[in-house]
Amino acid sequence: MTSQLDVFRSLHHVCIVVHDLERSSAYYESIGIGPWHDYPPLEPYLHDLRGPDPEAFLQLRFRYAELHNAQLQLCQPGPQDTAQRRFLDTNGEGVYHLGFEVDDCDRAEQDAVAAGLRVKSHGRREDGSGFTYFDTSADGAGVVLEVRATQGGGNARH
């Protein structure tokens, strides 16, 4: 890896994979973390969705809460085979990924790949906004890294 890689400088969110979205968000809200908002449907990513099973990815459910310095996300995978489902089944509930805000998702993905990271999955909306997950399991990072961009004036969170 090169020290000149700047795509992981602006933390946007921490995503926790959970068994039960309602139970987890209720717990966090009971200790002052919230309010929680449902993430909009993931279908707009069908414009350019790449990964092991795009249909299974679309079944993921997300909620988010805005904190002062970042966003906290909860993800409940469906029964289908997704990376999030495998994580939950293997490790139990816990931090699945760290999401970083970038201006240009395509450029950030290119820079990260050039630095040696491997793309796990990738999704783009028609306006170019979207995300890329990087597989860091072989590198000992312990958590998936994500870059995300809301270019095109989008305000949706992921």
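Note that the numbering runs from 1 along the sequence shown for the chain. A quick note: this is a predicted structure, and the numbers were derived from the prediction, not measured.
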Asker: Salt bridge or not for Asp89 and Arg86, using N-O below 4.0 Å?
Answerer: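 Answer for the salt bridge query: no.
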Asker: Kindly check if the number of other-residue, nucleotide or ligand heavy atoms within 6.0 Å of CZ (Arg107) is above 12?
Answerer: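 Result for CZ/Arg107: open.
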Asker: Does a side-chain heavy-atom distance below 4.5 Å link Leu98 with Glu146?
Answerer: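 Not in contact.
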Asker: Could you walk me through whether Lys120 and Val144 pass the side-chain contact (heavy atoms from CB on, under 4.5 Å) check?
Answerer: CA-CA 9 Å; Lys120 189 175 191 75; Val144 170; 4.1 Å; yes
Asker: Return the set of residues passing ring pair (Phe, Tyr, Trp, His ring centres under 6.0 Å) with His19 (not counting sequence neighbours), or none when no residue passes.
Answerer: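 Once residues adjacent in sequence are excluded, His19 has no partner under the ring pair (Phe, Tyr, Trp, His ring centres under 6.0 Å) criterion.
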Asker: Once salt bridge (charged side-chain N to carboxylate O under 4.0 Å, His left out) is applied, do any residues pair with Arg23, and if so which ones, sequence neighbours excluded?
Answerer: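 Residues passing salt bridge (charged side-chain N to carboxylate O under 4.0 Å, His left out) with Arg23: Glu93.
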Asker: Find out whether Gln71 and His12 are in side-chain contact, i.e. whether some heavy atom of one side chain is under 4.5 Å from a heavy atom of the other.
Answerer: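 They are in contact (side-chain heavy atoms under 4.5 Å apart), so the answer is yes.
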Asker: Hey, is the main chain of Gly78 close enough, under 3.5 Å, to the side chain of Arg85 for a donor-acceptor pair?
Answerer: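 Indeed, once roles are kept as given, a pair shorter than 3.5 Å links the two residues.
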Asker: Do Gln84 and Leu60 pass the side-chain contact (heavy atoms from CB on, under 4.5 Å) test, and can you show the C-alpha distance, the side-chain angles, and the key distance before you say yes or no?
Answerer: CA-CA 8 Å; Gln84 291 85 345; Leu60 297 172; 3.5 Å; yes
Asker: Within a reach of under 6.0 Å around CD of Glu29, are more than 12 heavy atoms found that belong to other residues, nucleotides or ligands?
Answerer: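 Correct, the count exceeds 12.
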Asker: Rounded to the nearest 0.5 Å, what's the gap from CZ on Arg9 to CG on Asp6? Could you check?
Answerer: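 Rounded to the nearest 0.5 Å, the CZ-CG separation comes to 5.0 Å.
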Asker: What I'd like to find out is whether the side chain of Leu49 reaches to under 4.5 Å of the side chain of Leu58, using heavy atoms alone.
Answerer: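 Contact flag for Leu49/Leu58 side chains = yes.
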Asker: Can you name the closest pair of heavy atoms from Cys15 and Phe62 and give their distance?
Answerer: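 In terms of heavy atoms, the two residues are closest at SG-CE2, 4.0 Å.
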Asker: Can you give me the closest heavy-atom contact between Val143 and Thr136, atom names plus distance?
Answerer: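 For Val143 and Thr136, the tightest heavy-atom pair comes out as O-OG1, 2.5 Å.
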Asker: How many angstroms lie between atom CD of Glu66 and atom NE2 of His13, to the nearest 0.5 angstrom?
Answerer: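 That separation rounds to 11.0 Å.
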Asker: Can Glu22 and Arg63 be counted as an ion pair, charged N to O under 4.0 angstrom?
Answerer: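 Salt bridge present between Glu22 and Arg63.
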Asker: Can you check whether Tyr64 reaches Leu74 side chain to side chain, under 4.5 Å on heavy atoms?
Answerer: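 No, side chains not in contact.
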Asker: Give the minimum heavy-atom separation between Thr82 and Ala56, together with the two atoms involved.
Answerer: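 Nearest heavy atoms, Thr82 then Ala56: CG2-CB, 3.5 Å.
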Asker: Among side-chain atoms of Thr132 and Arg124, is any donor-acceptor pair under 3.5 angstrom?
Answerer: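 Present: a donor and an acceptor within the cut-off.
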Asker: Does the plane of the ring in Phe8 sit parallel, tilted or perpendicular to the ring in Phe100? Use 30° and 60° as the thresholds.
Answerer: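 It falls in the perpendicular class, over 60°.
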Asker: Under the criterion side-chain contact (heavy atoms from CB on, under 4.5 Å), I'd like the reasoning laid out for Glu101 against Thr150: C-alpha separation, chi angles, the key distance, then a yes or no.
Answerer: CA-CA 8 Å; Glu101 185 75 33; Thr150 57; 3.8 Å; yes
Asker: Roughly how far apart are His122 NE2 and Arg50 CZ, rounded to 0.5 Å?
Answerer: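 Reported to 0.5 Å precision, the distance equals 3.5 Å.
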Asker: If every non-hydrogen atom of Phe87 is compared with every non-hydrogen atom of Val95, which pair is closest and at what distance?
Answerer: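 Heavy-atom minimum between the residues: CZ-O, 3.3 Å.
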Asker: Using the salt bridge (charged side-chain N to carboxylate O under 4.0 Å, His left out) criterion, which residues pair with Asp135? Sequence neighbours excluded.
Answerer: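 If we apply the salt bridge (charged side-chain N to carboxylate O under 4.0 Å, His left out) test to Asp135, skipping adjacent residues, there are no hits.
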Asker: Closest heavy-atom contact between Val18 and Leu88?
Answerer: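 Nearest heavy atoms, Val18 then Leu88: O-CD2, 3.7 Å.
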Asker: Do Val147 and Phe134 pass the side-chain contact (heavy atoms from CB on, under 4.5 Å) test, and can you show the C-alpha distance, the side-chain angles, and the key distance before you say yes or no?
Answerer: CA-CA 8 Å; Val147 293; Phe134 298 99; 3.9 Å; yes
Asker: Tell me if the centroids of the rings in Phe131 and Tyr133 come within less than 6.0 Å of each other.
Answerer: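 Ring-ring flag for Phe131/Tyr133: true, centres closer than 6.0 Å.
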Asker: For the atom pair CD1 (Ile33) and OG (Ser24), what is the distance rounded to the nearest 0.5 Å?
Answerer: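 Atom-to-atom, Ile33:CD1 and Ser24:OG are 11.5 Å apart.
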Asker: Where is the tightest heavy-atom contact between Ala65 and Gly34, given as atom of each residue plus distance?
Answerer: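 That would be CB-CA, 4.0 Å.
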Asker: Could you state the interatomic distance from CG (Leu21) to SG (Cys75), rounded to the nearest 0.5 Å?
Answerer: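 Rounded to the nearest 0.5 Å, the CG-SG separation comes out at 8.0 Å.
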Asker: How many angstroms lie between SG in Cys105 and CZ in Arg125, if you round to the nearest 0.5 Å?
Answerer: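 Here the rounded value is 10.0 Å.
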Asker: Do Tyr96 and Ile16 come close enough that some side-chain heavy atom pair is under 4.5 Å?
Answerer: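 They are not in contact (no side-chain heavy atoms under 4.5 Å apart), so the answer is no.
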